[in-house]
Student: 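Could you have a look at this structure, given as structure tokens, before my questions?
Computed from a prediction, not measured in an experiment: that's the story for all the values here. So you know, we letter chains A, B, ... as the sequences are listed, proteins then strands, and number each from 1.
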Amino acid sequence: MKVLGIESTAHTFGVGIACDEEPYILSNVKDTFVPKEGGMKPGEVARHHSEVAPDIVVDALSKAGVTISSVDGIAISLGPGLGPVLRVGATVARALALKYRKPLIPVNHGIGHIEIGRLTTESNDPLILYLSGGNTIITVLRERRYRILGETLDIALGNMIDVFVREVGLAPPYVKAGKHMIDVCAEKGSELVELPYVVKGQDMSFSGLLTAALRATKNHNLNDVCFSLREIAFDMLIEASERALSLTGKREILVVGGVAASQSLKEKLDVLSEERDVILKIVSPEFAGDNGAMIAYAGLLLLKHGVRINIEESYVRPRWRIEEVDIPWS
Amino acid sequence: MELIAKGAEAEIYLGEFLGVKAVYKRRISKRYRNPLIDRRINLERTLKEAKVMFSSIREGVRTPALYYVNLREYTLIMEYVEGLPLSKLTPSLLLDYVRDAGRMSALMHRGNIYHGDLTLNNVIASKEGAFIIDFGLSGFSNDVEDIATDIHTMLRSIESIFPSISESVKDVFLSGYKEVAGSETEDIVTRVKEIRLRGRYVEERRNKPHNVE
Ligand SMILES: Nc1ncnc2c1ncn2[C@@H]1O[C@H](COP(=O)(O)OP(=O)(O)OP(=O)(O)O)[C@@H](O)[C@H]1O
Ligand SMILES: Nc1ncnc2c1ncn2[C@@H]1O[C@H](COP(=O)(O)OP(=O)(O)O)[C@@H](O)[C@H]1O
Ligand SMILES: [Mg+2]
Ligand SMILES: [Mg+2]
């Protein structure tokens, strides 16, 4: 069985092809929108995606060496995400499904991040950290749902460090040669500046930290503030994760989403997993950020369990939460 | 002394203090944590826990009696409460204790105390009723946000530990809470709903800068 998957929830338009036997992922092609300056405007992103879409679909098929008529389904990330951007991917997916008479498979973007992580790291019943631009979630799969054990009470960790480096003039670009600008800046700092550390059970709050750090740049060395911000934010996350480990007794940690590419986070997680005697698995950079392969693979799992959606009902779902999704393969 | 539990941040030993059975709760250093942050947190939380345990008892909340504080070793010595955490109870025993946990939480909140880590793990089912423990993340506040966050963490812990019966368990917790807090419960529950939507994926949050490889 083979599924073509389309990712189109935010900055990246991606197409991947997955199959149900080794090597599972046959191709993974993407193109990421880069604004000249400032943040993303949904209209601009949507335009970018609709321009690159045809070539990416063709490229993904040819890299996988399959024809569209030989795939068994078209998977589409219907949410969560930006409405106008979601609609670009959905339109392409519906058209392919109609024209080639393939089932259309609705995939939640977060489930895609998690399932590609489980597949490519071969993890077994892990505590999952889903760390991306929009999410900071600690979750486990239990009785057919991803149950949220902890999450941010306000902004996501990834978003917080992005905004900080942008506001102090270090970005964009946010990541250079695989390294986030917060790390580049923090490596030159060493002095710990007092900033709020807020953990509530397994939940974290980062907005007060961001505000305080921005204020601290006025009378402290910027490198020290970067260092302190990173230390505190990561320590909060690791503490919340440790609480979740102790709550669930899981023996494995799986990290997915764009922030999984962080080397400095890995160093702390390595120590945690040693201390708690658990196995640490981190999704590889290729599958950490948004990509089409993750949608294709999650779509494959869904199709195997008979999940599909009528084209007339395939509305985009900008606020679709991972815990709303029934997981029949658990 | 015998190690009886290893929490997320502390080791719990059962021993004696002045001839009575006592729990020694010792916060341990975390190697992953920056050493300065680590010391600051362990000190702050040990102190906070001691202070709030006193206040909590004064509000009539079932809380272990505090015997001694050793700040140098980040250790609290307190009354031993015999019983299982609510997270380990069988569903048939659970409901009465959950209702009582609701009452105790409301008493605590009435005294302007928030817990900061209110979960089924941090309530012990003893012969006398539900005991609230683990005040390291607590504080004093009458802000509905802090109080609602407690309720949110409790409801979520119920959902994750007893998924198949979570709706009825949550209802029982809230009805116990309401017995003490009365009509104020409505406002708090409204805020809990808000918190849940906020931490969740909001569309605007996607509208963030893009990062470049
Ligand atoms: N090397 C790195 N170190 C730290 N953070 C990184 C690194 N590379 C990417 N990130 C972060 O990952 C985030 C983007 O991740 P991803 O593409 O998975 O998020 P998203 O798809 O925009 O959000 P979501 O999955 O919540 O919808 C950004 O916050 C970015 O700064
Ligand atoms: N006073 C006490 N009497 C009996 N058991 C206790 C007491 N305090 C803690 N425990 C046990 O130890 C566990 C961890 O203690 P807790 O104070 O919650 O530490 P942590 O902050 O590490 O979670 C509790 O879940 C409970 O089983
Ligand atoms: Mg993503
Ligand atoms: Mg505890």
Student: Is A:E239 paired with B:R33 through a side-chain N to carboxylate O contact shorter than 4.0 Å?
Tutor: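 Looking at A:E239 together with B:R33, the answer is yes, because their closest N to O distance falls below 4.0 Å.
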Student: Heavy-atom distance under 4.5 Å to chain B: side chain of A:L247, backbone, both or neither?
Tutor: both
Student: What's the verdict on side-chain contact (heavy atoms from CB on, under 4.5 Å) for B:E159 and A:E323, showing C-alpha distance, side-chain angles and the deciding distance?
Tutor: CA-CA 11 Å; B:E159 287 161 6; A:E323 72 265 40; over 6 Å; no
Student: Would you say that more than 12 heavy atoms from the other residues, nucleotides or ligands in this model lie under 6.0 Å from the CG of A:D31, or not?
Tutor: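 Above 12, so yes.
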Student: Let me check something: any side-chain donor-acceptor pairs from residues 200-210 of chain A under 3.5 Å, sequence neighbours excluded? List them with distances.
Tutor:
from	atom 1	to	atom 2	distance (Å)
A:K200	NZ	B:D146	OD1	3.3
A:Q202	NE2	A:L149	O	3.2
A:D203	OD1	A:E151	N	2.9
A:D203	OD1	B:R156	NH1	2.9
A:D203	OD1	B:R156	NH2	3.1
A:D203	OD2	B:H152	NE2	3.3
A:D203	OD2	B:R156	NH1	3.4
A:D203	OD2	B:R156	NH2	3.2
A:S205	OG	A:D154	OD2	2.7
A:S207	OG	A:D154	OD2	3.2

Student: Against chain B, label A:F227 side chain, backbone, both or neither, depending on which of its atoms sit under 4.5 Å from a heavy atom there.
Tutor: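 Contact with chain B involves the side chain of A:F227 alone.
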Student: What part of A:I322 lies closer than 4.5 angstrom to a heavy atom of chain B: side chain, backbone, both or neither?
Tutor: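 Neither part.
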Student: Kindly indicate whether the side chain of A:E267, heavy atoms from C-beta on, has any atom under 4.5 Å from the side chain of B:Y32.
Tutor: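 The answer is no, as the side chains (C-beta and beyond) never meet within the 4.5 Å cut-off.
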Student: Pick one of side chain, backbone, both or neither for B:L137, based on which atoms fall under 4.5 Å of a heavy atom in chain A.
Tutor: side chain
Student: Measure distances from A:R243 to the heavy atoms of chain B and classify the residue's part below 4.5 Å as side chain, backbone, both or neither.
Tutor: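 For A:R243, backbone and side chain are both near chain B.
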Student: By a 4.5 Å heavy-atom criterion (distance strictly below it), what part of B:N34 contacts chain A: side chain, backbone, both, or neither?
Tutor: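 Contact with chain A: backbone and side chain both.
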Student: Picking from A:M181, A:R276, A:H180, A:K179, which has the most non-hydrogen pairs under 4.5 angstrom with chain B?
Tutor: A:R276
Student: Kindly check if the number of other-residue, nucleotide or ligand heavy atoms within 6.0 Å of CD (B:E11) is above 12?
Tutor: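 Yes - once you tally the heavy atoms of other residues, nucleotides and ligands closer than 6.0 Å, there are more than 12.
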Student: Select one option (side chain, backbone, both, neither) describing which atoms of A:E143 are under 4.5 Å from chain B's heavy atoms.
Tutor: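 For A:E143, the side chain is the part near chain B, not the backbone.
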Student: For chain A, find which of B:I41, B:T119, B:T149 contributes the most heavy-atom pairs closer than 4.5 angstrom.
Tutor: B:I41
Student: Contact part of A:L195 toward chain B, heavy-atom cut-off under 4.5 Å: side chain, backbone, both or neither?
Tutor: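 It is the backbone, since no side chain atom gets that close.
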Student: Using a 4.5 Å cut-off on heavy atoms from C-beta on, say whether the side chain of B:P163 contacts that of A:R142.
Tutor: yes
Student: Enter the distance from B:I37:CD1 to A:D235:CG here, rounded to the nearest 0.5 Å.
Tutor: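 Here the rounded value is 4.5 Å.
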Student: Could you walk me through whether B:K30 and A:E275 pass the side-chain contact (heavy atoms from CB on, under 4.5 Å) check?
Tutor: CA-CA 8 Å; B:K30 304 290 183 189; A:E275 273 195 0; 4.1 Å; yes
Student: For A:S246 and B:G7, work out which heavy atoms get closest and say how close.
Tutor: OG-C, 4.1 Å
Student: So with a 6.0 Å cut-off around CZ of B:F140, is the heavy-atom count from everything else above 12?
Tutor: yes
Student: Please classify the contact between B:S164 and chain A as side chain, backbone, both or neither, with a heavy-atom cut-off of under 4.5 Å.
Tutor: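 It is both, since atoms from each part get that close.
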Student: Donor-acceptor pair, distance only, cut-off 3.5 Å: does the side chain of B:R31 make one with the backbone of A:L272?
Tutor: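 Pair absent, no side-chain N/O of B:R31 close to backbone of A:L272.
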Student: Indicate yes or no: at least one non-hydrogen side-chain atom of A:E242 is less than 4.5 angstrom from one of B:E9.
Tutor: no
